[in-house]
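Okay, structure first, notes after.
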2 protein chains.
Amino acid sequence: MSQGNTGVTVQAVNAYACPVREVLDRVAGKWSVQILVAAAQGPIRFTELERGIEGISRRMLTLTLRNLERDGLVTRTVHPTVPPKVEYELTPVAHELNDTLQQLTGWAERNRVHIAEARAAYDAEHRPELLDA
Amino acid sequence: MSQGNTGVTVQAVNAYACPVREVLDRVAGKWSVQILVAAAQGPIRFTELERGIEGISRRMLTLTLRNLERDGLVTRTVHPTVPPKVEYELTPVAHELNDTLQQLTGWAERNRVHIAEARAAYDAEHRPELLDA
DNA sequence: CAGAATCCCTTGTGATACTG
DNA sequence: CAGTATCACAAGGGATTCTG
């Protein structure tokens with residue numbers, strides 16, 4: 001990379017330049033938000049998350065939880081029982097994040113139709129071959 | 001895919017299940033937000049965007065603009081002059097989106113330090129080998 | 001000026017199998 | 001139950017070159 005040996009990644013540089021990107025890098029993963037939502041009501045177990053989130057693999061659940069934990073968005077509590085029981089819980093910071101994500105949800109719901117139409121119109125105009133997909 | 005021949009992609013299924021993801025899929029790209037921000041002040045030319053957004057390649061600028069245009073977030077206006085002049089402008093919908101993204105920026109700025117510390121603490125605890133990166 | 005086309009590498013994600 | 005390990009693959013993104 002042209003950034004050379006500054007010891008700072010391109011990712012980090014972008015994040016510094018744009019705080020929004022910093023959040024997005026944290027939440028843009030395919031599963032992060034769904035985990036945040038699923039855990040919003042209180043402590044939740046690994047398997048409950050796995051069952052509650054349609055289509056997630058065990059691997060991705062683990063990886064995403066680790067990242068969230070690393071950023072201080074979830075806490076991981078191991079109950080030393082047999083069989084093991086691990087509970088994940090949102091931190092206050094994550095709850096705040098969830099609140100602001102609600103804003104985005106609002107925007108999405110208000111404009112979902114509008115955007116779908118824009119997309120259809122664009123495709124009809126620029127990509128006619130997709131019309132019978 | 002287990003969805004089979006329903007004619008609907010996995011992406012779309014997730015989006016329907018979770019409106020937030022729908023927005024994120026639209027904005028999570030590496031450059032989308034920076035373009036939205038750069039264009040927020042008014043019409044802006046291709047080259048101005050290219051110069052204003054540190055590190056973006058011509059290819060990604062084009063691709064991202066096309067996606068934004070497709071979703072009805074930016075308009076593309078070609079002035080038939082020589083040399084050609086193309087201006088991009090945010091739609092009202094995109095301006096609304098920008099406003100809600102501001103919320104996220106606020107969250108990021110308020111918690112940037114907190115998260116950096118959480119990350120450092122986590123790495124120190126779980127990944128000591130990264131401490132001299 | 002504002003792209004389009006091509007090549008290539010990195011990253012994210014899914015599938016599967018194994019374990020304390 | 002709650003993971004970890006490994007493989008394999010597709011998409012995202014960067015660098016470069018060409019053009020109306």
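Quick note on labels: first sequence line is chain A, next is B, and so on, each numbered from 1. What you see is a predicted model; the values in this text were computed from it and never measured.
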- Could you tell me the separation between the CD atom of E48(B) and the C1' atom of dC1(C), rounded to a whole number of Å? 12 Å
- Task: Using modelled atom types only, decide if a donor and an acceptor are shared between the side chain of T64(A) and the backbone of M60(A) within a distance under 3.5 Å.
- Result: yes
- Message: Side chain of R76(B) only, heavy atoms from C-beta on: which candidate in dC1(D), dA2(D), dA2(C) is closest?
- Response: dA2(C)
- Query: Just how far, in rounded Å, is C1' of dA2(C) from CD1 of I35(B)?
  - Reply: 14 Å
- Task: Sort out for me which residue in L36(B), N98(B), L101(B) forms a side chain to side chain contact (heavy atoms under 4.5 Å, CB included) with V20(A).
- Result: L101(B)
Please report, to 0.1 Å, the donor-acceptor pairs under 3.5 Å made by any side chain of residues 74-86 of chain A, with sequence neighbours excluded.
unit_1	atom_1	unit_2	atom_2	d
T75(A)	OG1	E89(A)	O	3.4
R76(A)	NE	Y88(A)	OH	3.3
H79(A)	ND1	K85(A)	O	3.3
T81(A)	OG1	H79(A)	O	3.4
T81(A)	OG1	P83(A)	O	2.8

- Can you name the one residue among D71(A), L68(A), L97(A) that meets side chain to side chain contact (heavy atoms under 4.5 Å, CB included) with V27(A)? L97(A)
- Which letters describe nucleotides 14-20 of chain C, given B = protein heavy atom under 4.0 Å from base, S = only from sugar-phosphate, - = neither? BB----B
- Task: For N67(A) and dT13(C), give me the distance from atom CG to atom C1', rounded to whole Å.
- Result: 13 Å
- Determine, step by step, whether N111(A) and E96(B) satisfy the side-chain contact (heavy atoms from CB on, under 4.5 Å) criterion, reporting the C-alpha distance in whole Å, the side-chain angles of both residues, the deciding distance to 0.1 Å, and the verdict. CA-CA 10 Å; N111(A) 300 107; E96(B) 282 183 40; 4.0 Å; yes
- Query: OP1 or OP2 of dC1(D) less than 4.0 angstrom from a side-chain nitrogen or oxygen of Y88(A), does that happen here?
  - Reply: no
- Is the closest basic N to carboxylate O distance between D25(B) and R21(B) below 4.0 Å? yes
- Message: Please tell me if T62(B) has a side-chain N or O lying less than 4.0 Å from either OP1 or OP2 of dG3(C).
- Response: no
- Query: Would you call W31(A) and I53(A) a side-chain contact if the rule is heavy atoms closer than 4.5 Å?
  - Reply: yes
- Message: Just the rounded figure in Å: distance from C1' of dT16(D) to CD of E50(B).
- Response: 14 Å
- Using whole Å, report how far CG of L63(A) lies from P of dA2(D). 17 Å
- Task: Return the value, rounded to whole Å, for the distance between atom CD of E69(A) and atom P of dA2(D).
- Result: 15 Å
- Query: Just how far, in rounded Å, is P of dA2(C) from NE2 of H79(B)?
  - Reply: 11 Å
- Taken to the nearest whole Å, CZ/R66(A) to P/dA2(D) is 12 Å
- Message: Using the side-chain heavy atoms of P83(B), tell me which of these nucleotides is nearest: dC1(C), dT4(D), dG3(C).
- Response: dC1(C)
